Every structure is written in structure tokens, then in C-alpha cells.
Amino acid sequence: MWRASVLTIFPDMFPGPLGESLAGKALAAGTWLLDAVDIRDFATDKHRSVDDTPAGGGPGMVMKPDVLARAIDATATDARPRLLLSPRGAPLDQNWVEELAGGAGVVLVCGRFEGVDERVIAARDLEEVSIGDYVLSGGEIAAMVLIDACVRLLPGVMGAAESSAEESFSAGLLEYPHYTRPQLWEGRGIPEVLTSGDHGKIAAWRRAEAERLTRERRPDLWARRPGSQTRPARPK
Ligand code: SAM
């Protein structure tokens, strides 16, 4: 069964939003497993310290390699990928999410403070993953983003009504626009083709809109769409 183990100094943040909606129902049904591991349980001093001052000086604190390594060794006892949430990591995208969702699960290490001692990243072979070019105060919300994106792809989690087949990124394109009733709202109508009942024309319109939006909003995705060029490898 797909399992997410999250190493954190804030285990009470979990499941948090992952306990609601699609992911929450699937968690309650046992479709996937979640364990939040408290890194402080692996500290050895009476203050349960997990951080120390940076070598070389400067502001903030750094997560200690010895404590974190003990937490990883006790948790990552199988072949699941070990990922460190990090703003300097390779960007998470839908292809990577699909790869992770297709495996046995993930071991996620959440940084705090200024980050993690570099030696534990190397010694425990942690792959760094970023959820975007901005800085969060900790890796927990980033871990939730990654887990949510994976869990919704697990077999049985999304019903036919929420199928991922036509979603943004599924064909390297952003998704086409959606409309629902009322037919006329604040003077704005629904594109005529969508009420024509002609499924061929509707599919062609949706494809053309998806291509137009991708070209306009995400020229980077447009350039990398399947057939245009191969996806660049993730930096190691
Ligand atoms: N000093 C670090 C830097 O400048 O890159 C930022 C550390 S941040 C305050 C603390 C932790 O939040 C990081 O160790 C990481 O686990 C998490 N984090 C912050 N931004 C993130 C992002 N964009 N993606 C993934 N994790 C992030």
C-alpha cells in the first residue's frame, strides 16, 4: 500500500488538510497510509534539541545531522524514495508526481530554521524537491502539497467524475475553460459549441482552447510539450 512517512518537528500538523476531502476519505478507507515521525524523538539531550548554530556564523539555526540521520534510519527501512523538501530542490511537476504515485510511497524530510546540515543530505542520499520559487517557513506544507498531488492519482481515490485524464499537464497542456448553468450569467453566455451536443466539435474546441491558454500563459510548457522536445532531466 502507498505509504507517506513524514519526518517533522511538528507531527501534530498531520494529517491536517490531508484528513479532509478525497485524500481524507482515502486515508480513512486505508487506500494509503500516513505516519508523521517526530524528529525530536531521536534527540538525546534533555531539551530534545534538533538544531544548532551554523558553522561559520550567521543568523538562524541548522538541523543537526546526527538527530536527523537517526530519524531517517528508523523510518526509511524500505526502498521508497527519500525526499527533502527544499527551495533549492528540483521543481516538483506532474510527471514526477505520477512517478511517485506509481511507486510504494515516499519518505519526506521537512526542514525548518535555515535548513538541514549538508552532510546528512549526502550521507542518507536525500533527493531535494521544491514546490516553487518562494520560501516557506518549513517543509510541512510542501510535504502536504506533494502527498495530496500523489494520493489523488492512486487507484480508486478519484471517481470517474474527478478523472485526471483531461486535467492540466495531463498532455503537457493547461486545461480548457469550464462552464456550468446558468446559461446566461451577468450578461455572459456559454460558448455555443458547448451546448451544441456535437461531441466531436466540443473535443476540438477544448483542445484548441487548451493549446491557446498554454501558448499564452505558459510558453515554457508549450515548448516542452510531448513531441516538441524531451523533458529535461531532474538535476541531481
Ligand atoms: N535558508 C533556506 C534557503 O534560503 O533556501 C530556507 C529555509 S526555509 C525557512 C525552512 C524549510 O522550509 C526548508 O528547509 C524546507 O524544508 C522548507 N521549504 C521552504 N521553501 C520551500 C519550497 N519552496 N519547497 C519545498 N520546501 C520548502
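Hydrogens, waters and symmetry mates play no part in the numbers below; they use all other heavy atoms, side chains included. Residue numbers start at 1 and run along the sequence shown. What you see is a predicted model; the values in this text were computed from it and never measured. Just so you know, ligand 1 is whichever comes first in the structure, and atom 1 is the first atom listed for that ligand.
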Where Leu153 and Ala101 come nearest, the two heavy atoms and their spacing: CB-CB, 4.0 Å

Qualifying residue for side-chain contact (heavy atoms from CB on, under 4.5 Å) with Leu7, from Val37, Leu84, Leu108: Val37

Glu209 vs Arg212, salt bridge (Lys or Arg N to Asp or Glu O under 4.0 Å): CA-CA, chis, key distance, verdict: CA-CA 5 Å; Glu209 283 294 286; Arg212 176 184 65 78; 2.7 Å; yes

Interatomic distance, Thr53 atom OG1 to Phe113 atom CZ [nearest 0.5 angstrom]: 12.5 Å

From Arg40 atom CZ to Ile9 atom CD1, the distance as rounded to the nearest 0.5 Å: 5.0 Å

Shortest protein heavy-atom distance from [atom], along with the residue and atom involved:
atom                    : answer
atom 10 (C) of ligand 1 : Phe113 O, 3.4 Å
atom 27 (C) of ligand 1 : Pro87 CD, 3.6 Å
atom 14 (O) of ligand 1 : Gly111 CA, 3.4 Å
atom 1 (N) of ligand 1  : Glu114 O, 2.9 Å
atom 6 (C) of ligand 1  : Val135 CG1, 3.8 Å

Under 3.5 Å, N or O to N or O, is [X] touching ligand 1 that way?
X      : answer
Gly132 : yes
Leu136 : yes
Val129 : no
Ile131 : yes
Ala142 : no

Contact atoms of ligand 1, heavy-atom distance to Gly139 under 4.0 Å: 12 (O), 16 (O), 17 (C)

Sub-4.0 Å atoms of ligand 1 with respect to non-hydrogen atoms of Gly115: 14 (O)

4.0 Å heavy-atom contact, Arg88 with ligand 1: no

Determine yes or no for a side-chain-to-main-chain donor-acceptor pair under 3.5 angstrom, with [X] supplying the side chain and [Y] the backbone.
X      : Y      : answer
Trp32  : Gly105 : no
Ser130 : Gly132 : yes
Arg188 : Trp185 : no

Lys/Arg-Asp/Glu bridge criterion (N-O < 4.0 Å) met for [X], [Y]:
X      : Y      : result
Arg3   : Asp35  : yes
Lys64  : Asp45  : no
Arg119 : Asp117 : yes

Region of Val116 that comes within reach of ligand 1 [heavy atoms, distance under 4.0 Å]: neither

For ligand 1, the portion of Ser86 having any non-hydrogen atom under 4.0 Å away: backbone

Proximity winner for atom 16 (O) of ligand 1, if only heavy atoms of Val145, Leu85, Ile141 are counted: Leu85

Any protein heavy atom nearer than 4.0 Å to atom 18 (N) of ligand 1: yes

